[in-house]
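The structure appears below as structure tokens.
No experiment lies behind these values; they were computed from the predicted model shown.
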Amino acid sequence: MPPKEDRRLRVGVLGAGQIAQAAHFESCTKAANADLFAICDVADDLRERMVITHGAEKSFADYDAMLADPEVEAVIIATADAFHVPASIRALEAGKHVLCEKPVGLTVEEAEALKQAVAASGLTFQVGHMKRYDAGLQAAKRFIDDEMGDLVALKAWYCDSTHRYPMTDAVQPLVVTSARARKPSENPKANLRRYYMLAHGCHLIDTARYFAGDIVAVEARLSERGGMWCWFVDVEFANGTLGHLDLTVAVRMDWHEGFQIYGRNGSVLGKTFNPWYYKSSEVDIFREADGATHRVLGADGHFYRRQLEGFARTVLQGGPMTGADVNDGLASVRGMVAIARSVEAGGKRVALADVSGGV
């Protein structure tokens, strides 16, 4: 890892559950320009174990107490989805910069309320769409922006695997749990159609928008057969690009994620791996100008650490936002809701601007 810089962002992490243990604690300790300053969780046993394990300077059982600490400069919201918006708004009102896990919210209305809170605060707010910090995706984005010219079509897919958990259990740290942990009023996995869209669909939509820009409307179909949930989505992008998205959970094969993008001056083909392998996507960029294919070597595949470093650069140096901002988070929520409404309407075209409510 690169050496620590002299000036580092002092980060407090809200939530000591799975995503914090698997991603955010380590990212804070490894980031060149950030430190794990505090951990906040209502479960005393879990919190104190994480403080000792990861070396946080302060421990808080009460969120408001952490937000009142003047030494805490920013917070990472690593809670269950239902708590993302209220926790983010409280942090912004306390004067803290926020990196919030995805999805940014559960409904269009609460995401809109968060957008207003971000605007009123004048602070940095970033959504944890960490795939934007995949070196392979970043290389594809540069080619699209600088050389591809007119983008004609985009196909992208995100297919979770039935073998996902045996594979990730082998590489992730042992996740510690506590009976005292705070849980949302509803079990998020009680409705798998909703859960899979929120957990995985937001990634697919954000990746498509990262490459091709704003989505205007969708036409979606859903098949629930054989213990699988399969969404096929035709997408209209604002720039005229044709799109097709495939979200399937869970395929009877290895993790299957990637994209194909066709443009005036070339094409891009990408293969993305399970994120817990910390392996950059294999992206082949074909340039019509020289008739050759190029592939970037993304040796640094720690997307979560790179995400935090990008967030910290924006806060500390006033640089441009390189991750997903609150507008991107809201657009992802609108996209998921539009897909749900289109499925309910038998594949009817649904404009993102017209949707309300949740998935």
Check: When hydrophobic residues are tied together by side-chain contacts of less than 4.5 Å, even through go-betweens, does Tyr133 share a cluster with Phe211?
Finding: no

Check: For the hydrophobic clusters of this structure (ILVMFWY residues joined by side-chain heavy atoms under 4.5 Å, transitively), does one cluster hold both Tyr262 and Tyr210?
Finding: no

Notebook entry, point to check: Are the side chains of Val104 and Leu114 in touch, meaning some heavy atoms are under 4.5 Å apart?
Noted result: yes

Notebook entry, point to check: Any side-chain heavy-atom pair from Val127 and Cys100 closer than 4.5 angstrom?
Noted result: no

Notebook entry, point to check: About how many Å separate CH2 of Trp229 and CG of Asp160, when rounded to the nearest 0.5 Å?
Noted result: 11.5 Å

Next item on the list: Answer whether the closest heavy-atom distance between the side chains of Leu198 and Leu106 falls below 4.5 Å.
Entry: yes

Checklist line | Residues clustered with Met130, ILVMFWY side-chain links under 4.5 angstrom | finding: Ile19, Met167, Val171, Trp276, Tyr277, Tyr278, Phe303, Tyr304

Checklist line | Fellow cluster residues of Ile39, listed by chain then number, with links counted only when side-chain atoms sit under 4.5 Å apart | finding: Leu9, Val11, Val13, Phe25, Leu36, Leu46, Met50, Val51, Ile76, Leu99, Val176, Leu308, Phe311, Val315, Leu316

Checklist line | Residues Phe232, His244; criterion ring-ring contact (aromatic ring centres under 6.0 Å, His included); working and verdict | finding: CA-CA 7 Å; Phe232 275 9; His244 179 78; 5.2 Å; yes

Checklist line | Interatomic distance, Asp81 atom CG to Lys102 atom NZ [nearest 0.5 angstrom] | finding: 6.5 Å

Check: Is the shortest side-chain N to carboxylate O distance from Lys155 to Asp246 below 4.0 Å?
Finding: no

Margin query: If I compare all heavy atoms of Ala87 with all of Leu14, which pair ends up nearest, and what's the gap?
Written below: CB-CD2, 3.7 Å

Note to self: Ring-plane angle category for His203 and Tyr158, please: parallel below 30°, perpendicular beyond 60°, tilted otherwise.
What the structure shows: parallel

Notebook entry, point to check: Do the side chains of Leu151 and Phe237 get nearer than 4.5 Å, heavy atoms only?
Noted result: no

Check: Does any non-hydrogen side-chain atom of Phe259 lie less than 4.5 Å from one of Thr272?
Finding: yes

Note to self: On a heavy-atom basis, which atom in Gly136 and which in Val296 lie closest, and how many Å separate them?
What the structure shows: CA-CG1, 4.0 Å

Notebook entry, point to check: Is the NZ or CZ atom of Arg182 positioned over Phe83's six-membered ring, under 6.0 angstrom from the centre and within 45° of the axis?
Noted result: yes

